[in-house]
Amino acid sequence: MEKKPTVASSFCLLLLCVATSTVAEVLEAHPHLHHQPHKNDGSIKLFVFGDSYADTGNVRKSVSPSWKEPYGITFPGKPAGRFSDGRVLTDYLAQFLGIRSPLPYALRKYAKKSKLENGMNFAYGGTGVFDTLVSGPNLTTQIGFFQQLLEQEKVYDKRDLIKSSVALVSVAGNDYTTHFVKPGNGSKDLAEFTKSIVKQIAVDLMRIRDLGVRKIAVTALEPMGCLPLLTSFLSYQNCSETLNLASMFHNQVLRQNVEQLNKESKKSAFIILDLYGAFLSAIKPQKDHQGKMMVQIDDPLKPCCVGVGSEYSCGSVDESTGAKKYGICRNPERSFFWDTVHLSQNGWNDVYSSLKSSLHQLYS
Ligand SMILES: *[C@@H]1O[C@H](CO)[C@@H](O)[C@H](O)[C@H]1NC(C)=O
Ligand SMILES: *[C@@H]1O[C@H](CO)[C@@H](O)[C@H](O)[C@H]1NC(C)=O
Ligand SMILES: *[C@@H]1O[C@H](CO)[C@@H](O)[C@H](O)[C@H]1NC(C)=O
């Protein structure tokens, strides 16, 4: 695999922007889901770790496009810290568990105690298992925040967690981005890099388990070669097979490690959420029962929100005039990708539909 300097510039652009905020705005902008399909006796808690696929408002307003228009236009109707036009993976998992989406860790000090009862979200957009191109807390540090709340601040009782708690861990995409933009890191080192990431993930999963979480869901790596950041060079027509192979290799090593962890932990505490399969089944044109092609998504590899030129990205504005420097597709509800790396709410909804059957293992 060649190094891809363009990845770095677009990636960094995503995280550069300016905005101001008040605490009240932040809290107001964090409404909750109403739909509760799964029965819950009120005790289940969801703890979330990882990156922008799971972050619901931890990254600071001043550094993140997730707090700028047009992010959040579908849900909650204005920018609220999610890297999407609406709901993300965390929200759908909370919905499945029949609880409200857990409070972002960064907002806990301003929240009423009752808001903590659904668990907490420690995920920060841009971060990884190891340190990445952004300065947010890596996975180890995020788990440290959780441990601090449990052991020092006693916000949660370990005995309650063992009875009924779930963790979501969404990681590794930003680790690969960081690896690819480092000079000299070609495909030769890739297998070694994958092994070192997965080794660290396994350590982190065990640590979450040892802190008392009952079931832990970790994401498989999405097909990296299908992210619009890369497919833009192919006019959003084809995925890069080379990069998808890298994702598949990561997922294979992850699966072996998680199987091993399940053997050691007896009760099969760990499950893998197959984002790879879920992304592909949403992206690939599908046939209905009569074999007719069903058009569910317009131009599936094309992001809904894009910058007007390569120097701009979704959410960019001209600094002097304040003019928008991005465009939005006509039907965000028929897109899969929202921006160059993130899914739209519709995309996450599709992914959730694919993952649903495996989510039942969280109750076994
Ligand atoms: C995570 O971040 C901490 C604090 O910056 C650092 O000491 C540690 O080495 C990092 N861990 C990994 C696995 O990269
Ligand atoms: C490749 O990246 C790793 C960290 O991801 C770094 O430690 C290593 O030095 C890099 N290799 C080269 C040849 O630059
Ligand atoms: C895209 O893939 C199709 C078939 O999968 C192939 O025919 C076409 O040449 C590819 N286009 C590019 C630009 O790689």
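This is a predicted model, so every value here is computed, not measured.
- Considering all non-hydrogen atoms of both residues, N118 and P102 come closest at O-CB, 4.0 Å.
- From I44, atom CD1 reaches atom CG of L161 across 11.0 Å, with rounding to the nearest 0.5 Å.
- For the pair N257 (side chain) and L254 (backbone), a donor-acceptor distance under 3.5 Å is absent.
- Side-chain atoms of T178 and D175 form no donor-acceptor pair, as typed in the model, at a separation below 3.5 Å.
- The ring-ring contact (aromatic ring centres under 6.0 Å, His included) test with W348 is passed by exactly one of Y53, W338, F337, F75: Y53.
- The minimum heavy-atom distance linking S358 with I271 is given by the pair O-CD1, 3.7 Å.
- Contact record, P70 with I328: CB-CD1, 3.5 Å, taken as the closest heavy-atom pair.
- A side-chain donor-acceptor contact under 3.5 Å links S247 to the backbone of E222.
- For T127 (side chain) and G50 (main-chain N/O), a donor-acceptor pair under 3.5 Å exists by modelled atom type.
- Between the side chains of E264 and Q260, at least one donor N or O sits under 3.5 Å from an acceptor N or O.
- I208 approaches A167 most closely through the heavy-atom pair CG2-CB, 3.9 Å.
- Nearest approach of K324 to V317, heavy atoms of both residues: CA-CG1, 4.2 Å.
- A salt bridge links D160 with K163: the distance from a Lys NZ or Arg NE/NH1/NH2 to an Asp or Glu carboxylate oxygen falls below 4.0 Å.
- Rounding to the nearest 0.5 angstrom, the gap separating the CG atom in L301 from the CG atom in L230 is 11.0 Å.
- Of the inter-residue distances, the one linking F336 atom CZ with I283 atom CD1 reads 5.0 Å to the nearest 0.5 angstrom.
- Side-chain contact, N349 with Q345: no donor N or O sits under 3.5 Å from an acceptor N or O.
- Here the closest heavy-atom approach between residue T90 and residue S101 is recorded as CG2-OG, 3.8 Å.
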Worksheet item: Going through the distances and angles, do E333 and T74 end up as a side chain to side chain contact (heavy atoms under 4.5 Å, CB included)?
Response: CA-CA 9 Å; E333 71 282 4; T74 302; over 6 Å; no

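- Proximity of a side-chain donor or acceptor of D339 to a complementary backbone N or O of C305 within less than 3.5 Å is not detected.
- Sulfur atoms SG of C226 and C239 are positioned under 2.5 Å apart.
- Using a distance-only test at 3.5 Å, with no hydrogens or angles considered, a donor-acceptor pair links the side chain of D274 to the main chain of G277.
- Of the possible donor and acceptor atoms, one in the side chain of T132 sits under 3.5 Å from a partner among the backbone N and O of G126.
- Listed for the Y156 side chain is no donor-acceptor partner under 3.5 Å among the backbone atoms of L149.
- Side chains of S170 and D51: a donor-acceptor N/O pair is present below 3.5 angstrom, by distance only.
- Among residues two or more places apart in sequence or in another chain, the ring pair (Phe, Tyr, Trp, His ring centres under 6.0 Å) test is passed with F270 by none.
- With Q237 contributing its side chain and L234 its backbone, the two residues share no donor-acceptor pair below 3.5 Å.
- For Q148, the side-chain contact (heavy atoms from CB on, under 4.5 Å) partners two or more places apart in sequence, or in a different chain, are Q152, E153.
- Distance CE/M248 to CZ/R255: 9.0 Å, rounded to 0.5 Å.
- When atom types are taken as modelled, the side chain of R209 and the backbone of R214 share a donor-acceptor pair closer than 3.5 angstrom.
- No side-chain donor-acceptor contact under 3.5 Å links K215 to the backbone of S164.
- Residues V155 and F47 fall within the same hydrophobic cluster, defined by Ile, Leu, Val, Met, Phe, Trp and Tyr side chains chained together at heavy-atom separations under 4.5 Å.
- In this structure, L107 CG and N58 CG are separated by 6.5 Å, a value rounded to the nearest 0.5 Å.
- For F193 and Y176, the ring centers are positioned less than 6.0 Å apart.
- E151 and K158 are joined by a salt bridge, as a carboxylate oxygen and a charged side-chain nitrogen come within less than 4.0 angstrom of each other.
- For the atom pair OG (S135) and CZ (R60), the distance works out to 7.0 Å, reported to the nearest 0.5 Å.
- Checked by atom type, the side-chain pair S335/S344 shows a donor-acceptor distance below 3.5 Å.
- Ring orientation note: the planes of F96 and Y363 are tilted relative to one another, at an angle of 30° to 60°.
- Residues satisfying the side-chain contact (heavy atoms from CB on, under 4.5 Å) test with K195, not counting sequence neighbours, are E192, F249.
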